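Computed from heavy atoms alone, side chains included, the values below leave out hydrogens, waters and symmetry copies. Since this is a predicted model, take the numbers as computed values, not measurements. Every chain is numbered from 1 and lettered A, B, ... according to where its sequence line falls, protein lines coming before strand lines.
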Amino acid sequence: MAATDTVTAAPRVEASASAWRRLLADPLGAFGLALVVLIVASAIFADWLAQYPPTQLDIRNKFSEPTLIHWLGTDHLGRDTFSRVVYGGRIALWVSLVAVSISLVLGLVLGMLAGYGPRWLDSFLMLVFDAVRSFPTIMFALAVVIMLGPSLETVIFIVVVTSIPVYGRIVRTLTLSMRVNEFILAERSLGAGPVRVLFHHVLPNVIGPVLILASMEIPVVITIEAGLSFLGVGVRPPTPSWGSILNDGYAFIRDTPWLVLAGGMPVIVTTLGFTFLGESLRDIFDPRLRRD
Amino acid sequence: MADAALLVAEGIRVRFRTVGFVRALIQGIRDPFIDAVLDVSFALGPGETFGLVGESGSGKTTLVRSIVGLVDLAAGVVRFDGATIVDRSDSGLRTIRRNVSMMFQDPVASLSPRKTVRALVTEPFHIHDMTDRDLDVEARQLMGMVGLPVQLLANYPHQLSGGQARRVGVARALALRPKLIIADEPTAGLDVSVQGEVLNLMNELQTDLGLSYIIVTHNLPMIRHVSDRLAIMYLGRFVEEGPTAAIFAAPRHPYTLALLGAVPQPDPDKRREEIGLIGEVPSLRNRPSGCEFHTRCLFAQERCRVEGPVLREIEPGRRVSCHFPRM
């Protein structure tokens with residue numbers, strides 16, 4: 001028993017250290033991590049990377065081919081595409097980070113309420129979740145845009161509403177399976193109320209899988225943002241977004257294919273990066289969440 | 001004993017819904033409930049140890065959970081220390097939860113896995129808004145009381161052995177200095193030597209703090225050793241209740257006789273005549289007519305099939321629910 005004080009808290013540090021090793025040992029995980037680091041770094045250091053302001057017009061130089069001056073050429077208004085792509089990444093990551101965080105928190109709270117609260121509340125929340133999920137996302141998005149008008153906030157709102165059920169459902173299931181555990185009964189028998197039980201004892205046990213899920217939701221949100229901007233109902237021009245770069249280049253795809261590639265590649269790279277990373281993290285931390 | 005009783009339970013009944021409301025309506029099920037505990041009454045004095053035994057599914061655990069309000073009562077009253085706990089809402093239960101602690105079967109699984117031992121043993125103070133005291137001192141004192149080194153305060157439940165986790169459970173139960181501790185299978189899943197340590201610890205605490213215990217168990221040799229009084233449950237009812245020594249010396253109910261006969265006896269000279277049981281435990285959905293034990297009783301007679309016996313006092317302090325108690 002004297003030896004026990006030396007192992008105190010050691011297993012946790014070891015666990016995270018081995019998680020790193022396992023992540024780097026998994027080729028897809030390491031590749032995903034590299035892509036994610038690349039994209040995040042380029043968004044953070046956009047001010048240094050971009051040689052031109054992303055909205056600076058230069059009509060005389062429109063449709064420039066990729067050159068040493070304009071690495072990815074210019075669009076129909078002479079704007080530097082590389083600068084726009086880098087700043088577009090900032091928008092994409094910002095939207096996904098904010099939207100995922102908000103829906104994560106709301107999904108957690110609602111999911112725990114559904115799983116721990118009375119039967120009728122569970123039935124009601126599940127009905128709402130199912131109703132939201134049964135809407136095609138794009139139709140829902142278009143309806144909301146028509147009501148609220150296109151803006152960054154609208155995009156975030158749409159993502160939050162459509163992805164709360166994703167978190168809510170899994171949190172509910174985890175909470176339901178946990179509420180009959182002896183340690184929850186033990187807390188209740190001591191007199192702990194629902195708030196203490198949920199936030200002190202259920203939350204620490206459901207947060208892990210939900211964070212992994214969130215890392216896999218980021219690419220989904222990025223695609224939604226790019227998709228809405230491509231349709232012209234996302235962020236408002238001239239703010240650069242990968243979707244609007246795609247849209248600007250789309251009309252001239254025969255003459256200047258690099259514009260479409262410049263808008264499309266980052267979406268693909270980011271989506272793949274986050275997906276590989278998320279799947280690898282999920283396999284390391286919680287193999288139960290595998291969907292296949 | 002009646003006026004000095006610490007805990008009195010009268011006519012306790014616990015029902016569980018087995019079929020949903022809508023399905024019961026559609027399928028025409030008139031009674032979608034089962035009675036897990038039926039018409040149980042008992043009283044417990046200060047410093048007394050009360051044992052509850054019976055097969056799996058006999059309602060022992062449900063009965064003790066209903067006392068601390070983890071499951072709702074369908075009928076009956078619980079009185080604690082003279083005060084009736086009428087209000088079963090959370091605020092009304094606070095009194096009983098401050099004075100009655102519960103220990104659960106699985107020593108490790110009953111500790112919240114992401115909390116340190118320090119957080120676990122001091123949590124009762126947070127729950128009952130008693131954070132004005134020095135929780136560091138309290139934590140160290142509790143560890144001392146259950147014989148654990150204070151270094152373990154920084155550990156997580158999965159880093160503890162079964163015996164250590166059980167002691168942490170005892171420390172948590174003791175935190176608010178309760179008058180009664182309800183222990184559900186306190187020795188389950190522990191090595192025999194550790195079982196002995198835990199029981200000795202519980203015994204010392206009882207002497208030092210004047211605790212009462214309700215101990216739920218399958219372990220008949222253990223309960224014989226530690227309890228003052230004993231109740232045997234069958235299908236959610238008490239079939240026999242009385243002083244432990246008297247019951248072990250001369251069981252009156254045929255079911256008690258069979259249970260005690262099923263305990264392995266190491267000394268061949270002391271082996272008692274084995275009284276078997278016929279068949280399986282009947283379903284709670286389909287309680288037998290008359291005496292509910294008649295389907296398995298070796299001594300059942302015509303009267304047992306039609307008329308249910310009542311739990312009656314046959315000797316002072318000794319109650320049996322049988323038309324033909326063994327004498």
Side-chain angles (χ1 to χ4, degrees), chain A residues 1-16 108 112 116-120 122-124 126-127 171 174-211 285-286 288, chain B residues 20-21 61 64-65 67-71 90-91 93-98 100-117 119-120 123-129 147-161 163-164 169 172-173 175-176 178 182 184:
Chain A
M1 213 176 271
T4 41
D5 51 351
T6 54
V7 293
T8 301
R12 304 209 126 202
V13 181
E14 250 169 57
S16 63
L108 259 175
M112 289 197 302
Y116 194 75
R119 259 311 259 290
W120 62 263
D122 183 25
S123 310
F124 173 73
M126 287 326 277
L127 188 74
V171 171
L174 292 170
T175 308
L176 269 181
S177 69
M178 206 175 297
R179 66 182 286 179
V180 292
N181 277 5
E182 280 203 344
F183 74 89
I184 297 292
L185 287 174
E187 294 302 330
R188 287 177 53 207
S189 79
L190 280 174
V195 174
R196 169 169 282 272
V197 169
L198 286 180
F199 288 94
H200 286 250
H201 301 284
V202 174
L203 186 64
N205 294 295
V206 300
I207 192 83
V210 175
L211 283 179
F285 285 110
D286 204 344
R288 285 173 305 167
Chain B
F21 176 73
T61 298
V64 291
R65 286 185 181 175
I67 291 170
V68 293
L70 287 179
V71 293
D90 270 355
S91 60
L93 281 170
R94 262 181 114 75
T95 329
I96 208 162
R97 283 179 175 162
R98 269 211 54 176
V100 180
S101 295
M102 192 147 175
M103 283 160 57
F104 289 80
Q105 280 187 31
D106 187 324
V108 179
S110 55
L111 301 177
S112 192
R114 306 283 169 121
K115 299 279 167 186
T116 60
V117 172
L120 288 167
E123 187 169 24
F125 300 109
H126 289 285
I127 291 174
H128 293 275
D129 299 324
L148 285 176
V150 289
Q151 287 92 330
L152 286 184
L153 282 172
N155 283 33
Y156 288 88
H158 68 268
Q159 299 168 320
L160 304 174
S161 71
Q164 288 171 339
R172 260 161 80 80
L176 300 177
I182 298 177
D184 193 349

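- Between chain B and the residues A/R119, A/E182, A/E187, the largest count of heavy-atom pairs under 4.5 Å involves A/E182.
- Ranked by heavy-atom pairs shorter than 4.5 Å toward chain A, the options B/M102, B/E123, B/H128, B/R172 are led by B/E123.
- Closest non-hydrogen pair, B/S110 versus A/A186, comes out as O-CB, 3.6 Å.
- In this structure, A/H201 contributes its side chain and B/K115 its backbone to no donor-acceptor pair below 3.5 Å.
- Between the side chain of B/R97 and the main chain of A/A192, no donor-acceptor pair closer than 3.5 Å is present.
- Nearest heavy-atom pair across A/R188 and B/L70 is NH2-O, 3.3 Å.
- In this structure, A/F183 and B/P157 have side chains that are not in contact, with every pair of non-hydrogen atoms separated by 4.5 Å or more.
- In this structure, the separation between CD on B/Q105 and CG on A/L185 is 11.0 Å, given to the nearest 0.5 Å.
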